[in-house]
Amino acid sequence: MSKMIAVVKGNLIKSYTYIYKDKNDLLSFMNMNNFSSNELFVIKSYLPDWPRTEINQLKRFLLNFLPNSVFIIVNSTNEEEASLTFNQYGSIAGSIINEKSDHSENDSQMADLLNLATNQYINLSKKYDEIKEYFYSIVEGIPDIIFTTDLKGCFTSVNEAFKDTFALGMDELKEETALTYVSSKEIPIKRYFIRAVRGIPVQFELNIKVKTGEIATFIMHMIPITVRNKTVEIFVIGRNITKQRKIEKKMERIAYFDEDTGLPNRLKFDETLQKRVKKAKKGNDHFLVMFLDLDRFKTVNDMLGHKSGDKVLKVLAKRISSVIPKLAYLGRFSGDKFSIILPEGTKSDVAMEIGQDILQSIQMPLHFENQELYVSASIGISSYPSDGTENVELLKNADAALNRAKQQGGSSIVFFAGEMNKETWQRIEIERSLRKALENNEFFIAYQPIIDVKTGKLSTCEALLRWDHSEYGLIPPMQFIPIAEEIGLIHSFGNWVLKNACKQTKKWQEKGLKDLSVSVNVSAFQFQNRHFIEEVKAALDYSKLDAKYLHLELTESAMLNHTMDAINTMHILNELGVNISIDDFGTGYSSLSYLKQLPIHRLKIDRSFINHIKTDSPEYAIVNAIMTMGHGLGLNVVAEGVETKEQFTLLKQLKCDYIQGYLIEKPMPPKKFEEWYYKAD
């Protein structure tokens with residue numbers, strides 16, 4: 001180690017040079033020369049090829065013992081050995097006498113120090129100005145509102161976007177806290193601010209009144225500004241997302257709510273039901289689900305049109321909403337079907353009362369387009385958890401209960417029972433099989449004789465569709481015909497029966513049953529089809545059967561749904577030579593006013609009047625009236641469902657023209673029908 005001591009006159013400055021070995025030796029050097037911690041040292045360091053980490057360690061080591069010193073790195077690569085020069089300026093509390101003549105070395109060292117410090121200050125000042133300008137250009141250029149607060153929440157700065165949005169600057173905001181401008185409803189904002197003060201960034205959504213007086217929605221970010229691991233201010237940036245939220249709400253409205261009634265749609269209802277199920281599972285609660293379907297609402301749509309029908313649904317939705325409990329959840333499931341989730345804990349008897357109130361409100365008259373309408377509804381109810389522990393199961397079982405209510409004639413309320421599931425699955429299986437029944441040749445036609453009462457001879461046979469299912473055997477028509485109508489297959493089935501019944505009748509005529517005619521049932525769907533007349537012509541051409549041997553049986557409802565169109569169709573058929581019968585007469589809207597307009601040939605009295613006919617019974621009077629009316633209009637009258645000789649005797653007394661029923665014979669396949677004919681004849 002070499003040591004050089006330079007003493008300036010007046011002992012105001014001393015200089016020491018130390019060739020570096022290690023920290024212990026350096027410490028010994030400092031102790032030997034009596035370096036004091038309260039003195040000012042300028043330490044010039046020559047440290048060739050030293051890594052920055054080691055230089056910083058040495059700097060911290062020296063300043064630990066000489067805290068009032070300045071550590072300077074001077075062209076370290078110019079020296080071969082690491083060395084330190086300590087320029088000692090004396091006590092920090094003392095003053096340095098600036099006598100130029102006596103203190104040339106002092107002045108030289110001080111000039112080095114001041115020159116270096118000045119350059120560093122100028123550079124730092126420039127850097128600070130650059131950073132400040134950079135920061136403010138960003139802050140002022142951002143369209144989002146930006147402000148800072150102290151740790152009490154008082155404003156310390158705001159940007160131009162803030163001023164433009166709220167018409168407030170720092171002059172108005174001095175000593176004001178940000179919380180002053182937040183609604184009292186937004187209480188969580190205080191908790192957010194406390195978290196930010198504790199150094200945790202937070203994000204939240206806030207509604208604030210802007211300068212226009214409107215309430216705008218902002219997404220706010222509170223960011224703590226920290227210095228030496230301590231929060232000194234809070235930086236807040238907020239973006240106006242009002243338009244975005246409005247668009248989101250509009251999109252949600254479109255996706256989740258019904259346009260006509262404003263009620264939650266099927267998707268939203270199903271989502272809500274899933275949440276209700278989860279909540280019920282956690283709390284071991286129970287609740288009820290209602291399905292409500294309007295009875296025969298298609299008639300309203302046909303009469304008024306679908307747009308007006310939608311307006312009627314809107315009125316009915318308001319009626320339902322007005323009578324259900326406040327905590328109930330009402331949605332429009334689809335078409336004319338509504339769904340309701342009743343509040344947790346609602347008992348069955350209370351649900352029944354609610355259901356009755358709903359049905360009564362729906363059944364009140366509707367005054368629409370100068371018309372008075374009456375609508376009824378049916379309700380099915382399932383219960384969580386007894387009827388299902390998942391939303392899909394609850395909806396399925398409520399729907400099964402609804403179907404039972406409609407089967408009972410409508411205007412009724414039915415709670416789900418386990419047996420309904422079997423019926424539902426059976427119906428699904430029937431529908432699936434029904435679609436392939438024609439293709440699989442599972443249909444056949446059974447023929448039931450219609451006898452002339454006066455002669456006792458065969459006059460006509462009624463063609464009846466039968467389904468021999470490959471797995472379930474014979475399925476009753478009352479079970480599959482309504483389903484075929486519902487899924488739109490009845491038209492193709494009816495056309496198949498029409499063609500094949502005409503063909504079979506022609507074959508029998510060629511075998512000797514010369515005057516035999518056939519009666520074919522026509523559904524309302526089939527009769528109202530615009531191609532029906534062409535299909536009748538095609539069936540006659542296909543079979544070569546004379547039109548006078550074909551009777552088409554229509555129900556009253558089939559004709560009344562489209563009265564003028566029905567009358568026109570019937571006149572065209574009559575011109576072709578086809579006979580027309582009204583089936584199940586007396587069960588619909590029988591009226592002389594429309595009977596006299598129709599080109600019909602026969603009335604068929606419904607079996608319900610024949611079942612209990614006795615001389616002194618109401619049925620006898622009704623049948624007598626129908627006979628009189630029919631004969632008065634020049635029509636033949638057929639009584640169906642005749643099963644006893646007593647019934648036959650009374651009908652003969654009443655001058656009934658034809659009878660049909662088990663007393664004569666049940667419906668039979670073609671081969672058996674032939675055998676019966678030759679045997680009976």
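Annotation: side chain to side chain contact (heavy atoms under 4.5 Å, CB included) contacts of T628 (sequence neighbours excluded): N624. Every residue two or more places apart in sequence or in another chain was checked for a side-chain hydrogen bond (donor to acceptor under 3.5 Å, both in side chains) with Q479, and none qualifies. Scanning for ring pair (Phe, Tyr, Trp, His ring centres under 6.0 Å) contacts around H612 gives an empty result, with sequence neighbours left out.
Residues S376 and Q363 have side chains that never bring a donor and an acceptor to within less than 3.5 angstrom of each other. D295 and S378 share a side-chain donor-acceptor pair at under 3.5 Å. S517 and T460 share a donor-acceptor pair across their side chains, judged by distance under 3.5 Å alone. Side chains of Y256 and E271: a donor-acceptor N/O pair is present below 3.5 angstrom, by distance only. Side-chain contact check for K614 and Y620: no donor-acceptor pair (N or O, by modelled atom type) lies under 3.5 Å. Remark: the Q660 side chain and the Q448 side chain contain an N/O donor-acceptor pair separated by less than 3.5 Å. There is no side-chain donor-acceptor pair under 3.5 Å between T649 and Q653.
Salt-bridge formation is detected for the pair R435/E431: a Lys NZ or Arg NE/NH1/NH2 atom is positioned less than 4.0 Å from an Asp or Glu carboxylate oxygen. Note on E429 versus R432: salt bridge recorded, some NZ/NE/NH1/NH2 to OD/OE distance being below 4.0 Å. Ion pairing between a basic and an acidic side chain is recognised when a charged N comes within 4.0 Å of a carboxylate O; K268 and D258 show no such pairing. Salt bridge annotation for K604-E553: present, with a cationic side-chain nitrogen under 4.0 angstrom from a carboxylate oxygen. Between K537 and E534 no salt bridge is recorded (no basic side-chain N to carboxylate O distance below 4.0 Å).
Checked against H551 for a side-chain contact (heavy atoms from CB on, under 4.5 Å), the options H601, E462, R602 give a single hit: R602. Of the candidates Q526, H491, K499, H491 is the only one forming a side chain to side chain donor-acceptor pair (under 3.5 Å) with E535.
F673 and W508 have their aromatic ring centers within a separation under 6.0 angstrom. Note: F493 and F443 meet the aromatic proximity criterion, with ring centroids under 6.0 Å apart.
Note: E643 CD to N611 CG = 6.5 Å, rounded to the nearest 0.5 Å. Within the model, atoms CD1 of I490 and CG of N529 stand 12.5 Å from one another, a figure rounded to the nearest 0.5 Å. Rounding to the nearest 0.5 Å places CD1 of I582 at 12.5 Å from CD1 of I605. Here OG of S519 is found 15.5 Å from OH of Y549. Values are rounded to the nearest 0.5 Å. Between the CG atom in L545 and the NZ atom in K506 there is a gap of 6.5 Å [rounded to 0.5 Å]. Taken from OG in S523 to CD1 in I481, the straight-line distance is 8.5 Å, to the nearest 0.5 Å.
For the pair Y678 and K511, the minimum side-chain heavy-atom distance is below 4.5 Å. A heavy-atom distance below 4.5 Å is not found between the side chains of D583 and L554. D336 places a side-chain heavy atom less than 4.5 Å from the side chain of L313.
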Practice task
Might you work through the side-chain contact (heavy atoms from CB on, under 4.5 Å) test for I340 and I324, ending with a clear yes or no?
Solution key: CA-CA 9 Å; I340 305 167; I324 61 175; 4.2 Å; yes

Problem - Verdict with supporting geometry, I320 and F338, side-chain contact (heavy atoms from CB on, under 4.5 Å) - result: CA-CA 9 Å; I320 297 168; F338 295 88; 4.0 Å; yes

Practice task
List the steps, then state whether side-chain contact (heavy atoms from CB on, under 4.5 Å) holds for L316 with L294.
Solution key: CA-CA 10 Å; L316 294 176; L294 300 175; 3.6 Å; yes

Handout entry: side-chain contact (heavy atoms from CB on, under 4.5 Å) evaluation trace for V289 with I381
Key = CA-CA 6 Å; V289 176; I381 303 175; over 6 Å; no

Problem - salt bridge (charged side-chain N to carboxylate O under 4.0 Å, His left out) between D260 and K311, intermediate numbers included - result: CA-CA 7 Å; D260 298 318; K311 290 179 182 178; over 6 Å; no

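Side-chain N or O atoms of T261 include one that pairs as donor or acceptor with a backbone N or O of L263 at under 3.5 Å. Panel note: side chain Q360, backbone D357; no donor-acceptor pair is recorded below 3.5 Å. N440 contributes a side-chain N or O that, together with a main-chain N or O of K436, makes up a donor-acceptor pair within less than 3.5 Å. With hydrogens and angles ignored, the 3.5 Å screen pairs a side-chain donor or acceptor of S543 with a backbone N or O of A539. In this structure, N636 contributes its side chain and L603 its backbone to no donor-acceptor pair below 3.5 Å. D515 places no side-chain N or O within 3.5 Å of a backbone atom of S459 that could act as its donor or acceptor partner. In terms of modelled atom types and a separation under 3.5 Å, the side chain of S433 and the main chain of I430 share no donor-acceptor contact. Listed for the N500 side chain is a donor-acceptor partner under 3.5 Å among the backbone atoms of W496. At distances below 3.5 Å, at least one donor-acceptor pair connects side-chain atoms of R319 with backbone N or O atoms of M364.
Within a 6.0 Å sphere centred on NZ of K314, other residues, nucleotides and ligands contribute 12 heavy atoms or fewer. Within a 6.0 Å sphere centred on CD of E259, heavy atoms belonging to other residues, nucleotides or ligands number 12 at most.
Contact record, L288 with S383: CD2-CB, 3.3 Å, taken as the closest heavy-atom pair.
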